[in-house]
Amino acid sequence: MFGFGTTNSLTMDKPHPESLLDSAVQGSIGRPFDRIDGPSKVSGTATYAAEYPVDNLAYGFLVGARIGAGTLISIDADAVRSMPGVIDVVTDLDRFIRVAGQGGETQPPTQGVRDIAFMGEIVAIVVAESYEAARDAALRLPVTYEAGEGAYAFAAARAKSYVPPDGVTPAHFNQGDVDAAMAEAPVTIDATYVTPSQNSAAMEPHASIAVWEDDGSLTLYGAYQMPSTDASQLAKCLGLSAKKVRIVSRYIGGGFGSKLGIAPESVAAAIAAKQIGRPVKAVMARQQVFEATVRRSNTEQRVRLAATRDGKLTAIGQESLVSNQPGEDFFEPVGIGTHMIYSGENRLITHDQVPLNLVLSGSMRAPGEAVGMIGLECAMDELAERLGMDPIVLRKTNDASVDPEKGVPFSSRSLSRALDEGARRFGWARRAGPGEARDGEWLIGMGVASAVRGNMLMESSAKVELRPDGTATISSSMTDIGTGSYTILAQIASEILGLPVDRITVALGDTNDPPAAGSGGSWGAGSAGSAVYLACEMLRGKLAKAMRVEDSALTLKDGMAIGNNRSSPIGEIVGDGLEAIGHIKPGKQEKATTQASFGAHFAEVGVNRVTGEVRVRRMLGVFAAGRVLNAKTARSQCLGGMTFGIGAALTEELLHDPRNGKLVNRDLAEYHVPVNADVPQLEVHFLSERDVHANPIHAKGIGELGISGAAAAIANAIYNACKVRVRSFPVTLDKLLPGLPDL
Amino acid sequence: MHFTINGRGFDADVDIRTSILDLCREHLGLTGAKKGCDHGQCGACTMLINGRRVNSCLTLAVMHQDDEIVTIEGLGQVDDLHPLQQAFVRHDGYQCGYCTPGQICSAAGMLDEITRGWPSHVSDDLAKPSLDDDEIAERMSGNLCRCAAYPNIVDAIREVGSAAPAGRTADAKDAAMAEEIVA
């Protein structure tokens, strides 16, 4: 099991039924520990990207194109160079990146800003002695363009749709014959659901401070979820070897996918810093975050379901149209959850791309499931009604025992258990028929939806050092974007090494440390957590040797090593100190099992029969995602996902001007993320589960499970409340009012 | 210009375009207050100016001669946290932490407003608003949290205001979560 030297490497080629997290006795794992980085966050001393003190810093302000498509002709730098405080106007029409990088890509995003592909494309950066001077000059910078033809309206461009290259899910998948099954089935649904473009809207705008070192290397303090691959993207954009780029992302003010790849401010800051010979800080204005980073694609999903009279699905179809810029491969993988959530012999799951001159489509929290489960789970609700079946019974009837397409077992799957547990906790039995429950002027309804999110293991490593003073340090280029990585990694080490959590220091977000996959796709805890586990496993072996006992005879607790009727402070048996690197990578388990986390959402809403306003009154999520590493941070992740679901159901929608692609609602007053008053006391419950196929810590991803299906549960509750089925999201009051009962 | 920030006097020669937020972040090394939107839309920059909560991105430094400004750094330090800061840690009233200094400053201002009896849109008793969920959610809705720690933020504020319902103190929630994990 041990690799060479001080590295303990594991490839997940077979199940890992034994976990030290079960046999260790420190009692740290799973407990609702307060975040170890909490005091620094609440006191304002945690350092986010734009906050590193750097000498001789110049301020950069980005300039975005003000046409929707065409060619950049000229930038009149002289017009602003003489403004007070302005240092220079910097552009590089070949090397500036047109779009943000996609998550995990090691190749650079599309470079070159001579061609304008969308309004807001970053074409220059104005550098000045102060932020105010840079901003003023940037807003006055004359840029001329030759306008070209662009496609801005989805409805008009849909005829140009094409089949994109396969991504995380196949673009087109067909099994059996959905058309024939639909023709034969006694009960069918054929409905089209529409979801709009969305923005991650992390609270921290994208920001970079670029510092060129004397040896020609670049240090970039950035807000990046995946520093290791981001450094590779950045290096290639700049024509540097990857070793010459260091990214530091100690704290990240939210990402939700929008900071997976590098964004335009990083390359602009680096090029500007090189040109003026000083460090440059470039922080995107909120409007630029909306206009020039990434959006979640809009979707149009035709969902077809065919069922027997007793509710057995015979066909599932989900044919989606999504959009991205011409030439960009990423497509919103709408049907990724549909592949594995329900049984049914005939299956057609397709994605066609509509080319649009809008900001890049990329990953936003649970790419695929977040929107795909809206269409599917609303259609399941419609089918249940047509069958005269309880929607929970319908879902349980079709709970797949093996992967319905690949035929392989699930690594663990607790869908029916989540539905049952949720129904009991939520009081589902009290649900009335559509339009039947009232509370004054409010029409009340309950809705349910299943949740699924594919689990991923990503190659990751971490170093753990044990010191003679009985403390330990974990270091890795893993990040904590609010997910709780700092804390859960400390808990894993605490549990295995028998050290109290407060004796463990965690250093993350620096590419000088062992590479890890970072935060994205809910893989962070399982991947980096396993790397820490493996490092600690190796250290534990060394401690056993120092105690001259078998590994199995060693107990580590509260800083003491105990074995063979002896005990010793751990710090006293580590010599000058011990260190080990843990390294995990995916293996045959990935194909031998289908791995996903599952859950169920329950929502109760009120629809105001006078105004059409919708209020979420109660919401419960029941989730099963393997071992819960920290009950408190895991719960918070689910609260966040469920709230994203409230936004998707009721308020969030990017609106583009169909004439030129201008993003009309490009700020936080016009793009409506849920506020405190939109969110009641949400309830989260975890089912006990271990996933021995996923990784040695038996934990699966949780950050995105909470959004999967959440919006559908709310939409289904709205239907139950007022008998109006809205298939175009968000479900705003104007769409409900025409169907509400007369006053 | 002269300002008192966190009890300390500062003399600064400020650009007329500089907001209080940028003065603190870019000139005085006080990066606790965050810039999320620069348009008064998100609340991440909330500070207390002369005791009242203010979106510091929307107010220019030159308008604040001799004003008393309190930022998150002035409420408490890592080793000496303010009760609200402690409560946010205990209740996990944050995730990424970026909106958090603004949330906490806003909560401090809000509790003072309740103490003074200032009513809000949702107050049942206009003369004597109470510290319930609706009142807190209403008054804290100018502070966005995309990680969506809202339920925990409400609980943290209620606990500091000695108005936590049974089962929603940090200790009670921790005990329930620990029990669920063991089960």
Side-chain angles (χ1 to χ4, degrees), chain A residues 30-32 34-35 37-48 50-51 53 130-133 136 200-205 251-254 256 283 285-286 481-484 628 631-633 635-637 639-640 642-644 667-669 673-677 679-682 685-686 688, chain B residues 15 17-18 22 25-26 29-39 41-42 44 71-73 76-78 81 85-86 88-90 92 94-101 104 133-134 136-138 140-154 173-174 177-178 180-183:
Chain A
R31 278 183 46 198
D34 297 341
R35 285 171 204 257
D37 50 334
S40 64
K41 284 178 173 172
V42 299
S43 63
T45 50
T47 317
Y48 296 84
E51 298 171 353
S130 71
Y131 167 72
E132 293 80 7
D136 270 11
S200 291
M203 295 307 299
E204 177 200 25
Y251 289 95
I252 297 142
F256 316 110
V283 182
R286 175 57 61 182
I481 62 172
T483 40
V628 171
K632 187 177 290 195
T633 55
R635 174 175 177 268
S636 288
Q637 281 285 286
L639 294 177
M642 291 162 73
T643 305
F644 263 65
D667 62 40
L668 294 170
V673 305
V675 303
N676 200 317
V679 182
Q681 283 289 320
L682 308 176
H685 179 72
F686 293 111
S688 173
Chain B
D15 189 317
R17 300 166 295 187
T18 302
D22 285 326
R25 283 177 63 83
E26 306 300 341
L30 294 168
T31 55
K34 306 302 182 203
K35 185 184 284 190
C37 69
D38 220 11
H39 276 52
Q41 299 168 343
C42 75
T71 70
I72 191 70
E73 291 94 340
Q77 304 284 322
V78 167
L81 295 176
Q85 292 171 318
Q86 286 174 22
F88 269 63
V89 173
R90 293 287 295 117
D92 217 35
Y94 54 64
Q95 290 201 67
C96 79
Y98 198 78
C99 74
T100 310
I104 292 172
D133 286 359
D134 287 350
I136 295 170
E138 166 68 17
M140 291 298 292
S141 280
N143 290 87
L144 304 182
C145 172
R146 186 56 156 164
C147 300
Y150 299 130
N152 291 338
I153 290 170
V154 170
K173 284 161 67 184
D174 277 6
M177 285 187 274
E180 184 175 292
I181 293 308
V182 172

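Convention: sequence-line order gives letters A, B, ...; per-chain numbering from 1.
Here the side chains of Tyr150(B) and Pro680(A) are not in contact, with every heavy-atom distance at 4.5 Å or above. His39(B) has its side chain out of reach of Leu668(A): every pair of non-hydrogen atoms, C-beta onward, lies at least 4.5 Å apart.
Atoms CD1 and SG, on Ile481(A) and Cys96(B) in that order, are 8.5 Å from each other to the nearest 0.5 Å. Here the OG1 atom belonging to Thr45(A) is positioned 7.5 Å from the CD atom belonging to Gln77(B), to the nearest 0.5 angstrom. Note that the CD atom of Glu51(A) and the CD atom of Glu26(B) stand 9.0 Å from one another [nearest 0.5 Å]. To the nearest 0.5 Å, atom CG of residue Asn676(A) and atom CD1 of residue Ile136(B) are 8.5 Å apart.
Contact record, Gly44(A) with Ile72(B): CA-CG2, 3.9 Å, taken as the closest heavy-atom pair. Counting all heavy atoms, side chain and backbone alike, Arg25(B) lies closest to Ala50(A) at NH2-CB, 4.1 Å. Leu682(A) and Pro151(B) get closest at one heavy-atom pair: N-CG, 4.1 Å. Taking both residues in full, the closest heavy atoms of Val675(A) and Ser141(B) are given as CG2-OG, 3.5 Å, listed atom of the first, atom of the second, then distance. Residues Glu132(A) and Thr18(B) come closest through the heavy atom pair OE2-OG1, 3.1 Å. For the pair Arg146(B) and Ala201(A), the tightest heavy-atom approach, listed with the atom from each and the gap, is CG-O, 3.3 Å.
Chain B forms the most heavy-atom pairs under 4.5 Å with one residue out of Ala631(A), Pro32(A), Ala46(A), Pro39(A), and that residue is Pro32(A). Most heavy-atom pairs under 4.5 Å with chain B, from the set Asp667(A), Val628(A), Thr643(A): that is Asp667(A). Interface check for chain B: of the options Met203(A), Arg286(A), Gln637(A), Met642(A), the most heavy-atom pairs under 4.5 Å are formed by Met203(A). The most heavy-atom pairs under 4.5 Å with chain B, out of Tyr48(A), Tyr251(A), Phe256(A), come from Tyr48(A). If you tally non-hydrogen atom pairs under 4.5 Å between each of Gly32(B), Cys145(B), Gly36(B) and chain A, the highest count goes to Gly36(B).
Screening Asp22(B), Asp38(B), Asp15(B) for a side-chain hydrogen bond (donor to acceptor under 3.5 Å, both in side chains) involving Tyr131(A) leaves a single residue, Asp38(B). Among Lys632(A), Arg35(A), Lys41(A), Arg635(A), the single residue meeting the salt bridge (Lys or Arg N to Asp or Glu O under 4.0 Å) criterion with Asp92(B) is Arg35(A).
Within the 4.5 angstrom heavy-atom criterion, only backbone atoms of Ile252(A) (N, CA, C, O) approach chain B. The contact between Lys35(B) and chain A is made by backbone and side chain atoms together, counting heavy-atom distances below 4.5 Å.
Checked by atom type and distance alone, the side chain of Gln95(B) pairs as donor or acceptor with a backbone atom of Ser636(A) at under 3.5 Å.
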